[in-house]
Each structure stands twice: as C-alpha cells, then as structure tokens.
Asker: 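Here you go, one structure.
Counting from 1, the numbers follow the sequence of the chain as shown. Every heavy atom of this structure was used, including side-chain atoms; hydrogens, water molecules and symmetry mates were not.
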Amino acid sequence: VMLDALRRSEVISDELPAGARVVEARITEPVAGTPGAGPPDDLAIDDAAWAIVPPDRLQRILLVGPGNVYLQNALSLLPNVELYGATAAEWPTTTGKDKFDLFVFDGFLPPDLPAKAILAIAPPATSPLGTVLGTVERPVVGQLSLDEPLLRNVDLTRLHIAKAQKLELPAWARPVIPGLPGMPLLYSGIREGQPTAVLAFDLRQSDLPLQVAWPILVANLTGELLGLDGATTEPVRPATPIDLPIPLDTQVVKVTLPNGDIIEVPPSATGAASVTFVETRQLGVYRAEAIPLPAAEPTGGRSATPAATPAPSPSGGATDSPPDRQLLFAVDLFDTDESNIVPGNGARLTALGPAEGTQPAAAAGIARDEFWVPILIIALLLLMAEWLVYERDGARRILNGTRSALNGWRPVMPGRRRG
C-alpha cells in the first residue's frame with residue numbers, strides 16, 4: 001500500500017493463516033532515486049504497529065427463559081459463539097450443562113446455580129446473585145463512570161425503563177449502570193470464583209433493545225464473562241496501564257516485554273480476577289503468562305480444544321503454556337501530533353515577541369501587555385463603591401464624626417494657652 005505524507009489508508013483482510021495471533025504493519029522507505037522517494041525518515045520509532053488477533057475458540061452459550069428475539073439476535077451475532085436455548089420447564093432435564101461456557105437466565109433462576117459464568121436478567125427472587133427488595137417504577141439512571149469497561153462505546157443517555165427489580169448491590173460486585181443509591185440497574189463481578197453479571201430490568205420493560213447501544217453492551221458483557229475482554233486486543237497507548245484478566249488460581253503473572261525482559265506482577269489479592277500492568281513504555285507485542293499456585297489442582301469446567309499449532313510468542317517462537325493462561329497485547333504509537341515532526345509556522349512564533357530580557361527585533365513588537373493591574377484597581381474601586389452604597393448610613397455617621405473632630409481641634413501656638 002502506497003502512502004503519502006499525512007494520509008490515511010485502510011486494509012481489510014479476512015485471509016489470515018490459521019493460528020495467527022499477531023499482525024504487523026511496517027512502513028518502508030522507497031529506494032533512493034526511485035519515483036516517490038523523499039527525504040530520509042527522521043522518526044523511525046512509529047514505523048511499525050501491531051494488532052492482536054482475538055482467539056477463535058468456539059464458546060457455547062445456553063439461554064434459559066421464555067424467549068426474547070432481541071436477546072437471541074444480540075447473542076447469535078457474537079463471533080465464535082454457538083447459542084442454545086431452553087425454557088424454564090426444560091431446565092431440569094437439560095443435559096450437557098458442563099459443555100457450556102456461559103448461562104444467560106432471562107427472568108428465571110434455577111435453585112442450584114451452575115458453577116460457570118452467569119448473566120442474569122431480571123432475577124425474580126432473592127438468590128446468591130443478589131437480594132431482591134421489590135420493584136421500582138421508572139427508575140432513573142445515575143451518573144455513569146467513564147472508566148467502566150462494560151460501557152465502552154455504549155451510549156445510554158436515551159435509556160428509558162418502565163419497571164425494574166430493586167436489587168441490593170452484593171459485596172462481590174461493582175455497579176455498572178447505577179440507579180438508586182446502593183441499588184444498581186446492572187452490576188458485575190466475581191462471585192465464588194465465577195464471573196457474574198446481573199441486569200435488574202426485563203428488556204421488554206425498556207427501550208434498550210431498540211438502541212444501538214444494546215448489541216455493543218451485550219458484546220462487552222459476554223466478553224468480560226467469557227474472559228475475552230476486548231481491551232486486551234485493542235492497541236494500548238505508551239505508558240498507559242492495562243488490566244490483564246487472569247485465572248483465579250494465579251500466583252504471579254510473567255510479562256515478557258518486546259525487548260525480551262521479563263517482569264513479574266503478583267495479584268493484588270488471592271482470587272483476584274485481574275492484575276494491573278504499568279510498564280508499557282516500549283512499543284511492540286507483550287506476552288503475559290499466568291503462573292498457577294504450586295498446590296493448585298487443574299481447574300475443571302472448560303475443555304480447551306488442542307490447537308493445531310502452538311501459540312506464537314512475540315519473538316516468533318512457541319510457548320508450551322496452556323492457551324487460557326496466555327495473553328498478548330500490543331503497544332502502538334498512534335499519535336498523529338507526535339508523529340508529525342514537520343517544523344511549525346515560524347510567523348506565529350515571531351508574533352509572540354522576544355523572550356524576556358532580550359532586545360526586540362525591528363519587526364517584532366510586544367506580543368502581550370499586562371492589563372491585570374489596572375483591571376484589578378478598577379475592580380477594587382467598584383467593590384468600594386458598592387460597599388459605600390450598602391453602608392451609606394454608617395459611612396455618613398463616620399464622615400460627620402470625622403468632620404466634628406476636625407472642627408473641634410485647634411493648634412496651640414507657642415507661649416499662649418487656649419482659653
């Protein structure tokens with residue numbers, strides 16, 4: 001792809017090799033003397049960028065409820081997802097529950113919750129997912145957090161809800177869509193080692209499924225619940241912290257930097273679902289590997305399908321770690337202002353005037369005069385005049401008293417006494 005200076009071009013490819021995890025784009029200069037050859041590249045640090053390909057392992061989701069076309073469509077449109085459905089009456093006789101990675105309960109909760117990731121919508125009664133305190137009519141959406149990953153690219157400014165369950169926020173969850181104090185409309189967290197999210201209202205009692213934000217919110221929710229957070233596949237700005245999801249039995253996370261150095265990051269607490277990595281000053285691909293606890297047994301539940309080829313490392317080699325304990329992310333310099341090193345407008349610099357303590361040039365004048373002193377004096381005079389108007393009676397008494405004191409005072413001449 002030929003690129004001109006300060007121009008943008010897009011390339012879309014759907015023919016990546018099987019097992020590809022990293023895609024690299026690099027700018028190369030034309031050979032000197034050939035058409036299109038320009039001046040040498042004086043900033044080579046931004047000549048390469050990397051993109052992480054999301055893993056393509058098939059995820060199975062079981063939707064249990066009366067049936068909701070909006071929910072079914074949003075889940076079926078997710079990539080690498082196989083959607084199954086069942087009614088509440090069919091739940092006790094449903095087989096192969098251990099084959100599913102995510103359970104979505106719509107207006108229904110079984111007596112015994114599966115030990116898997118769960119998304120509950122309008123839970124009908126109190127359960128380990130939360131305490132139901134009743135219902136609330138026309139709940140108001142509170143102030144949304146700008147740093148909430150589940151609300152990335154989600155616009156809820158026009159959300160209207162007719163009725164919602166009045167849920168108490170559990171200790172294991174964080175509010176995502178706040179409502180009444182301590183009673184959110186959507187919350188998420190790690191419950192007994194399993195990712196869990198609860199939506200307090202029935203979709204048919206709101207206009208959320210009719211908005212563009214609905215499929216995006218579903219994608220963000222399922223990504224977090226399935227451990228496929230999109231934040232780790234998007235490019236990271238240099239020196240920006242990133243939250244890395246980890247298995248619950250992780251002892252330490254080994255992060256291999258692009259230059260080959262290894263940094264170990266321990267979880268902040270036992271059973272933490274993520275660690276924060278801050279050493280992202282180098283450009284390139286980072287590999288994070290979760291090291292399990294020495295005495296931990298292999299976790300059951302998900303059956304990982306053996307890959308045809310081992311996952312590549314940033315250096316091009318292979319690694320023997322299980323795929324669910326590896327994570328790749330890229331740090332790219334996508335800053336147009338920083339990459340544009342063309343000299344600025346010299347006339348604008350000249351118009352600013354000479355530096356303090358230097359002689360001004362013939363054509364350069366004073367760029368800025370200090371007007372704050374006379375403005376301050378005028379403001380003080382206005383305040384004094386306002387005070388005099390407000391305290392005019394007291395000011396009149398003070399003035400009269402001063403005049404009387406001056407009129408009653410007479411200077412004493414030498415050698416004479418006042419009678």
Side-chain angles (χ1 to χ4, degrees), residues 61-79 81 83 85 87-88 102-109 117-127 129-189 191 195-226 229-231:
I61 300 178
L62 178 61
L63 173 60
V64 185
N68 188 320
V69 63
Y70 298 108
L71 185 58
Q72 295 173 8
N73 290 341
L75 293 174
S76 61
L77 292 176
L78 298 175
V81 163
L83 181 62
T87 63
L102 173 63
F103 291 89
V104 180
F105 297 110
D106 184 16
F108 162 78
L109 283 180
I118 292 177
L119 170 60
I121 300 176
T126 298
S127 69
L129 302 184
T131 302
V132 179
L133 303 176
T135 59
V136 55
E137 300 289 337
R138 298 179 180 178
V140 179
V141 178
Q143 182 67 34
L144 302 177
S145 174
L146 299 178
D147 299 329
E148 173 56 53
L150 292 181
L151 299 181
R152 185 171 56 249
N153 302 323
V154 175
D155 182 11
L156 298 178
T157 55
R158 299 183 179 181
L159 175 61
H160 301 88
I161 305 172
K163 184 173 66 175
Q165 298 289 76
K166 197 173 182 180
L167 294 172
E168 183 179 0
L169 181 65
W172 50 264
R174 73 182 190 278
V176 177
I177 302 179
L180 297 175
M183 301 175 185
L185 300 173
L186 173 63
Y187 56 82
S188 179
R191 178 194 58 85
T196 305
V198 177
L199 187 65
F201 55 92
D202 189 338
L203 296 175
R204 291 176 287 265
Q205 296 290 331
S206 73
D207 57 1
L208 179 59
L210 304 179
Q211 301 185 17
V212 179
W214 168 239
I216 304 176
L217 179 61
V218 172
N220 293 344
L221 272 171
T222 55
E224 179 174 290
L225 295 175
L226 294 173
D229 188 7

Asker: Checking side-chain polar atoms at under 3.5 Å, does Glu224 have a donor or acceptor matched by the opposite partner on Ser188?
Answerer: yes
Asker: Rounded to the nearest 0.5 Å, what separates atom CG in Leu83 from atom CG in Leu78?
Answerer: 9.0 Å
Asker: Just wondering, do Leu109 and Leu129 contact through their side chains at under 4.5 Å, heavy atoms?
Answerer: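 Counting from C-beta outward, Leu129 and Leu109 do come under 4.5 Å.
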Asker: If every non-hydrogen atom of Val81 is compared with every non-hydrogen atom of Leu75, which pair is closest and at what distance?
Answerer: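 Answer, listing the atom of Val81 first, then Leu75: CG1-O, 3.7 Å.
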Asker: Please tell me if the side chains of Phe201 and Ile121 come closer than 4.5 Å, counting only heavy atoms from C-beta onward.
Answerer: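 In short, these two side chains do not touch, never coming nearer than 4.5 Å.
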Asker: Please give me the minimum heavy-atom distance between Ile161 and Pro139, naming the atom from each residue.
Answerer: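 The pair with the smallest heavy-atom distance is O-CD, 3.6 Å.
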Asker: Can you give me the closest heavy-atom contact between Gln205 and Lys163, atom names plus distance?
Answerer: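 Closest heavy-atom pair between Gln205 and Lys163: CB-O, 3.7 Å.
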Asker: CD1 of Ile177 to CG of Leu159: how many Å apart, nearest 0.5 Å?
Answerer: 6.5 Å
Asker: Nearest 0.5 angstrom please: Ile216 CD1 to Asp155 CG, how far?
Answerer: 9.0 Å
Asker: Carefully, step by step, assess His160 and Arg138 under the rule side-chain contact (heavy atoms from CB on, under 4.5 Å).
Answerer: CA-CA 8 Å; His160 301 88; Arg138 298 179 180 178; over 6 Å; no
Asker: Going by heavy atoms in the side chains, are Met183 and Leu133 under 4.5 Å from each other?
Answerer: yes
Asker: Measuring from atom CG of Leu186 to atom CG of Leu150, what distance do you get when rounded to the nearest 0.5 angstrom?
Answerer: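 If I round to the nearest 0.5 Å, the distance is 7.0 Å.
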Asker: Could you go through Asn220 and Asn153, starting from their C-alpha distance and side-chain angles, then the distance that decides it, and tell me whether this counts as side-chain contact (heavy atoms from CB on, under 4.5 Å)?
Answerer: CA-CA 9 Å; Asn220 293 344; Asn153 302 323; 5.8 Å; no
Asker: Any heavy-atom pair between the side chains of Leu62 and Val104 that's under 4.5 Å?
Answerer: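 SC-SC contact between Val104 and Leu62 ruled out.
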Asker: Measure the CG-CD1 distance between Leu225 and Ile118 for me, rounded to the nearest 0.5 Å.
Answerer: 9.5 Å
Asker: In sequence, state the C-alpha distance, the side-chain angles, and the governing distance for Leu102 and Thr222, and then conclude on side-chain contact (heavy atoms from CB on, under 4.5 Å).
Answerer: CA-CA 8 Å; Leu102 173 63; Thr222 55; 3.9 Å; yes
Asker: Check whether any side-chain heavy atom of Leu71 sits under 4.5 Å from a side-chain heavy atom of Trp214, and report yes or no.
Answerer: yes
Asker: Verify the neighbour count for atom OH of Tyr70: are there more than 12 heavy atoms of other residues, nucleotides or ligands below 6.0 Å?
Answerer: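 Atom OH in Tyr70 is not crowded, with 12 or fewer foreign heavy atoms closer than 6.0 Å.
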Asker: I'd like to check Pro124 versus Val132 (side-chain heavy atoms, cut-off strictly below 4.5 Å). Are they in contact?
Answerer: no
Asker: Is the closest side-chain donor-acceptor distance between Gln211 and Asp207 under 3.5 Å?
Answerer: yes
Asker: Side chains of Arg204 and Pro66: closer than 4.5 Å at any heavy-atom pair?
Answerer: yes
Asker: Any side-chain heavy atom of Leu167 within less than 4.5 Å of one from Pro184?
Answerer: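 The answer is no, as the side chains (C-beta and beyond) never meet within the 4.5 Å cut-off.
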Asker: Quick one: pull up CG in Leu199 and CD in Gln165 and give me the separation to the nearest 0.5 Å.
Answerer: 10.5 Å
